[in-house]
Protein chains: 2
Amino acid sequence: MKIGQATIKDIARELNVSSSTVSRALKDYPGISDETKRKVKEVAEKLNYRPNAIALSLRKSRSFTIGVIIPEVVHFFFSTVISGIEEVASSRGYNVILSQTNESLTREKSSIDTMLSNQIDGFLVSFSKETTDFEHFSRLLDHGYPIIFFDRVPNIPHSINVMVDDYQGAYNATSHLISQGYNRIVHLAGPKNLSISKERERGYRDALSNHGIPIDPTLIVECAYGTSDEGFKITENLFKQLDKKPDGVFANNDIAAAGAILACKSLGYSVPNDVGVVGFSNWQFCSMIEPTLSSVSQPGFKMGLKATELLLDLIEKKLDPDTITEPIVLETELLIRNSSVK
Amino acid sequence: MKIGQATIKDIARELNVSSSTVSRALKDYPGISDETKRKVKEVAEKLNYRPNAIALSLRKSRSFTIGVIIPEVVHFFFSTVISGIEEVASSRGYNVILSQTNESLTREKSSIDTMLSNQIDGFLVSFSKETTDFEHFSRLLDHGYPIIFFDRVPNIPHSINVMVDDYQGAYNATSHLISQGYNRIVHLAGPKNLSISKERERGYRDALSNHGIPIDPTLIVECAYGTSDEGFKITENLFKQLDKKPDGVFANNDIAAAGAILACKSLGYSVPNDVGVVGFSNWQFCSMIEPTLSSVSQPGFKMGLKATELLLDLIEKKLDPDTITEPIVLETELLIRNSSVK
DNA sequence: ATTTTTATTGCAATCGTTTGCGTTGACGAT
DNA sequence: ATCGTCAACGCAAACGATTGCAATAAAAAT
């Protein structure tokens with residue numbers, strides 16, 4: 001019982017020609033008679049021949065596979081990006097191999113190692129929360145290894161970054177809250193070491209300043225895990241402890257925002273009448289909760305598309321990495337729903 | 001500029017030994033002097049040697065890679081399963097290559113083809129909604145190719161299926177609604193050709209029957225896409241058209257259930273006082289919406305773990321496929337929240 | 001001193017495909 | 001009859017690692 005696929009040799013044997021001839025015939029090389037080509041293709045069809053991609057990879061030192069490294073799969077934004085990645089990759093004939101780090105640096109490094117062993121043609125990376133040192137990426141970049149960073153991007157030489165305009169998104173969200181008459185606005189911030197968190201906080205701060213509202217540091221609280229419970233507790237504490245109650249929340253992410261809404265409700269505050277809330281990422285549930293949650297939509301799918309197109313162009317030498325010096329920034333969109341409109 | 005990794009030959013050249021010796025030294029074969037082993041390992045370290053997995057795959061006809069085929073990534077349940085898959089695979093030294101079919105049969109078939117070309121060691125499959133003919137899978141199974149089906153499983157010879165107890169989950173959910181005093185319960189059903197849909201509907205029907213409630217076919221509506229909008233419209237229509245208004249909804253999935261809740265609210269019905277609602281899958285948003293949505297939790301992560309363990313055991317011949325004749329059924333859990341308790 | 005044993009290592013084939021170069025034979029031209 | 005030309009195809013190396021089977025040398029046994 002021959003379980004393996006038919007090879008070029010099988011075709012060659014059947015026709016009493018050499019494997020070179022078969023190889024060339026299959027790819028319509030000149031110098032092979034039409035007669036032979038016909039016969040080869042016929043037998044190939046008959047034997048259900050499929051080229052062995054592994055052998056090809058070995059020969060060409062190219063695997064037509066790209067590696068994707070992300071913190072977690074069970075995440076609306078990231079899974080959306082994956083979807084975009086998969087789209088472009090498969091349409092251009094590449095495979096996608098996936099590894100989630102679960103926010104662990106160790107895991108991140110070992111994933112890279114095994115992917116390198118697998119002769120990955122390039123990487124698409126959004127690094128973990130633990131990653132503060134980028135040595136392991138720089139080394140690859142120095143070797144000319146194709147890498148595109150997305151969303152969570154490093155600030156290192158030669159890195160090509162695709163990101164959303166977190167600053168502008170946060171600025172718009174906060175300005176919107178202000179324009180609706182909220183002015184003691186809490187910011188549930190993200191992990192400090194991620195640039196996206198910093199950018200969002202900066203957008204929040206600038207929006208306040210530009211509208212003449214003083215920045216109160218006690219209203220800015222880091223929400224490191226980004227869970228609903230965390231958002232709930234932090235919000236509850238703030239409302240309990242502060243004499244001057246807040247009247248707005250701009251959260252670094254939707255889940256924390258949802259927690260904040262629940263906290264407000266449990267304390268007897270009405271959202272949006274007493275407290276306005278805006279989240280970030282536009283998870284699916286935003287339009288399903290009560291009140292529906294205003295949020296900054298990140299173009300995850302588009303980001304996946306863009307990052308992958310860049311990577312493949314890089315791999316196929318259609319693009320010179322040195323021509324890209326600025327990050328590619330995708331625009332966000334503020335989706336105004338009920339949670340922030342009085 | 002040598003961008004490629006160092007190979008065994010590089011080590012061999014550096015030490016003036018043959019590549020065989022290096023290969024053996026690296027794996028601590030007997031018959032290689034300790035002295036040589038030491039030196040080889042030293043140089044390997046120095047050159048930052050990483051074995052070329054592609055070459056190994058070619059030699060062994062094994063790629064240490066498994067292929068995952070799922071309908072979509074941006075889906076709470078499926079992404080959770082992926083997470084479980086990734087967990088086991090990486091801990092046992094396997095790569096995961098991913099392909100989403102977007103519910104298209106054509107895409108499903110072509111994914112299988114390219115994965116076969118890539119000498120995938122085995123498949124983890126949840127097929128598309130379009131798939132009604134399983135020829136393309138049977139052929140592989142007949143060749144002894146390792147495949148595990150999960151969640152959406154076929155009824156074909158020799159297939160190994162991992163599924164959740166959809167019947168019991170639906171039965172429990174419906175029974176729960178009945179015990180809470182609801183008795184004209186709508187069922188928003190799933191796509192007819194998926195066995196999970198049928199099983200859930202069967203659970204719903206049996207629960208009604210066993211509690212002496214007649215089954216009203218007009219209350220069973222297929223919700224093919226499973227979107228919030230679809231759930232909304234179907235529910236709205238039912239309430240508008242029927243003289244005897246329903247007082248409960250058991251939905252095939254949470255998103256449709258969320259749509260149903262919105263519809264009820266918009267029609268002025270109170271959930272849970274007028275209408276009780278239970279969903280399926282326990283998406284994250286269940287505890288964030290108002291009222292919090294009761295749902296049947298599917299053990300997605302566990303399913304990923306189990307399916308992958310089975311597959312790898314199959315691949316590594318630790319498991320004889322013929323010993324598994326019954327599907328592996330994982331238990332669901334009914335999470336009772338506010339949407340179904342008066 | 002000769003044979004046998006043992007410890008180390010190398011040769012070469014193999015996995016499936018590609019590809020530079022050489023070979024073969026037919027044919028027309030001289 | 002000899003040569004050159006050209007179409008059509010085969011040889012063999014290469015990609016990187018593994019492995020059965022020698023081969024070699026030194027050490028042990030006789």
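A note on names: the letters A, B, ... follow the listed sequences, proteins ahead of strands, and every chain is numbered from 1.
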Quiz item: Taking only side-chain nitrogens and oxygens of A/Ser33, does any of them come within less than 4.0 Å of OP1 or OP2 of D/dA7?
Solution: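 For D/dA7, OP1/OP2 do not have a side-chain N/O of A/Ser33 under 4.0 Å.
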Quiz item: Should the pair B/Phe64 and B/Tyr94 be assigned to parallel (<30°), tilted (30 to 60°) or perpendicular (>60°) ring geometry?
Solution: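 Judged by the thresholds at 30° and 60°, the geometry between B/Phe64 and B/Tyr94 is tilted.
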Self-check item: Ring geometry between A/Phe150 and A/Phe78 (parallel below 30°, tilted from 30 to 60°, perpendicular above 60°)
Solution: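 Correct class here is perpendicular.
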Quiz item: Is B/Val17 touching bases, backbone alone, or none of the nucleic acid, heavy atoms closer than 4.0 Å?
Solution: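 Sugar-phosphate, no base atom in range.
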Practice problem: Give one of base, sugar-phosphate or nothing for B/Thr36, where a contact means two heavy atoms less than 4.0 Å apart. | Solution: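 If one applies the 4.0 Å heavy-atom cut-off, B/Thr36 turns out to touch the sugar-phosphate alone, with no base involved.
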Exercise. Indicate for each nucleotide in nucleotides 14-20 of chain D, in 5' to 3' sequence, whether protein heavy atoms under 4.0 Å reach the base (B), only the sugar-phosphate (S), or nothing (-).
Key: BBBBBBB
[X] [atom1] to [N] [atom2], straight-line distance once rounded to whole Å:
X: B/Asn16; N: C/dC11; atom1: CG; atom2: P; value: 12 Å
X: B/Ile32; N: D/dT24; atom1: CD1; atom2: P; value: 17 Å
X: B/Gln119; N: C/dC15; atom1: CD; atom2: C1'; value: 10 Å
X: A/Phe64; N: C/dT17; atom1: CZ; atom2: P; value: 15 Å
X: B/Arg62; N: C/dG16; atom1: CZ; atom2: C1'; value: 18 Å

Quiz item: Going by an N to O cut-off under 4.0 Å, is there a salt bridge joining A/Lys46 and A/Glu42?
Solution: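 No, this pair does not count.
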Quiz item: Aromatic ring centroids of B/Phe149 and B/Phe137 under 6.0 Å?
Solution: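 Here the rings of B/Phe137 and B/Phe149 have centres that are less than 6.0 Å from each other.
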Exercise. Taking all heavy atoms of B/Arg152 and all of B/Phe127, pick out the closest pair and write down the distance.
Key: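 In terms of heavy atoms, the two residues are closest at NH1-O, 2.9 Å.
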Quiz item: Do A/Ser83 and B/Glu72 have a side chain donor and acceptor closer than 3.5 Å?
Solution: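 Side chains of A/Ser83 and B/Glu72: no pair found under 3.5 Å.
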